[in-house]
Amino acid sequence: MSIILKPIITEKMTSLTEKLNRVGFIVDKKANKVEIKKAIEDFYNVKIVDVNTISYAGKTKSRYTKAGFIKGRTNAFKKAIVTLAEGENIDFYSSI
């Protein structure tokens, strides 16, 4: 079971990384802060100071088309914002 699903690479997250040395990840919904910290430290070889988690519920959405109303639901997910130690960084673009 993989705890880290994918990193969050958005304009807002990039500015947060530059200012406060924090990085965001989409993680498994059942993972706790200790498991998230261990998984990221092992995978990226960095020292983590703090882990904050946010659980998002899926939203119900609908739209009107020629065939009528289409109803659906977005996925529920869990986000982890980790604070890296002073001098540490994660480069997501090194393997490109």
Side-chain angles (χ1 to χ4, degrees):
M1 179 175 109
S2 178
I3 293 175
I4 305 168
L5 300 179
K6 64 181 177 179
I8 301 171
I9 303 173
T10 60
E11 189 173 340
K12 185 175 181 179
M13 203 77 234
T14 304
S15 68
L16 194 63
T17 301
E18 293 170 356
K19 292 177 186 174
L20 302 173
N21 206 21
R22 302 179 109 204
V23 183
F25 294 94
I26 302 292
V27 295
D28 184 35
K29 287 187 269 188
K30 296 178 183 176
N32 61 29
K33 291 182 181 186
V34 176
E35 294 171 341
I36 294 167
K37 180 178 178 178
K38 184 175 180 341
I40 294 172
E41 284 179 341
D42 291 344
F43 192 75
Y44 291 106
N45 296 323
V46 292
K47 178 80 172 118
I48 294 177
V49 177
D50 192 25
V51 178
N52 299 92
T53 58
I54 308 152
S55 295
Y56 288 94
K59 295 180 183 177
T60 304
K61 296 198 172 193
S62 63
R63 62 188 169 110
Y64 183 74
T65 63
K66 288 181 185 178
F69 280 103
I70 297 175
K71 293 183 181 178
R73 189 166 181 87
T74 60
N75 293 333
F77 63 96
K78 187 173 194 176
K79 185 192 312 187
I81 309 286
V82 297
T83 305
L84 301 175
E86 192 70 31
E88 297 279 345
N89 65 347
I90 296 175
D91 187 16
F92 296 118
Y93 304 109
S94 63
S95 62
I96 294 177

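Given the structure is predicted, the values throughout are model-derived calculations rather than measurements.
The shortest heavy-atom contact between R73 and T60 is NH1-OG1, 2.8 Å. V27 and A80 get closest at one heavy-atom pair: CG1-CB, 4.0 Å. Closest approach of I36 to A31, counting heavy atoms only: CG1-CB, 4.0 Å. Of all heavy-atom pairs between A76 and G58, the closest is CB-N, 3.6 Å. The two atoms that bring E35 and K30 nearest to each other are OE1-O, 4.2 Å, heavy atoms only.
Taken to the nearest 0.5 Å, the CD atom of E86 stands 6.5 Å off from the CG atom of N21. Once rounded to the nearest 0.5 Å, the distance linking OG1 of T53 with NZ of K29 reads 14.5 Å. Note that CG of N52 and NZ of K33 are 5.5 Å apart. Values are rounded to the nearest 0.5 Å. One distance of note links NZ of K78 with CG of N32; it measures 7.0 Å at 0.5 Å rounding. N45 contributes atom CG, which lies 12.5 Å from atom CD1 of I40 (distance to the nearest 0.5 angstrom). One finds the OG1 atom of T83 at 10.5 Å from the NZ atom of K37 (value rounded to the nearest 0.5 Å).
In the hydrophobic clustering, where aliphatic and aromatic side chains (Ile, Leu, Val, Met, Phe, Trp, Tyr) are joined below 4.5 Å either directly or transitively, Y56 groups with L5, I8, M13, L16, L20, I26, I54, F77, I81.
The cluster map of Ile, Leu, Val, Met, Phe, Trp and Tyr, joined by side-chain heavy atoms under 4.5 Å apart, puts V49 and Y44 in different clusters.
For the pair F25/I3, no side-chain contact is recorded, criterion being any heavy-atom separation below 4.5 Å from C-beta on.
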Query raised in the report: Between D50 and V82, does a side chain to side chain contact (heavy atoms under 4.5 Å, CB included) hold up when you go through it step by step?
Result: CA-CA 6 Å; D50 192 25; V82 297; over 6 Å; no
Requested in this report: Start with the C-alpha distance between T17 and F92, add both sets of side-chain angles, then the distance that settles side chain to side chain contact (heavy atoms under 4.5 Å, CB included), and finish with yes or no.
Outcome: CA-CA 12 Å; T17 301; F92 296 118; over 6 Å; no
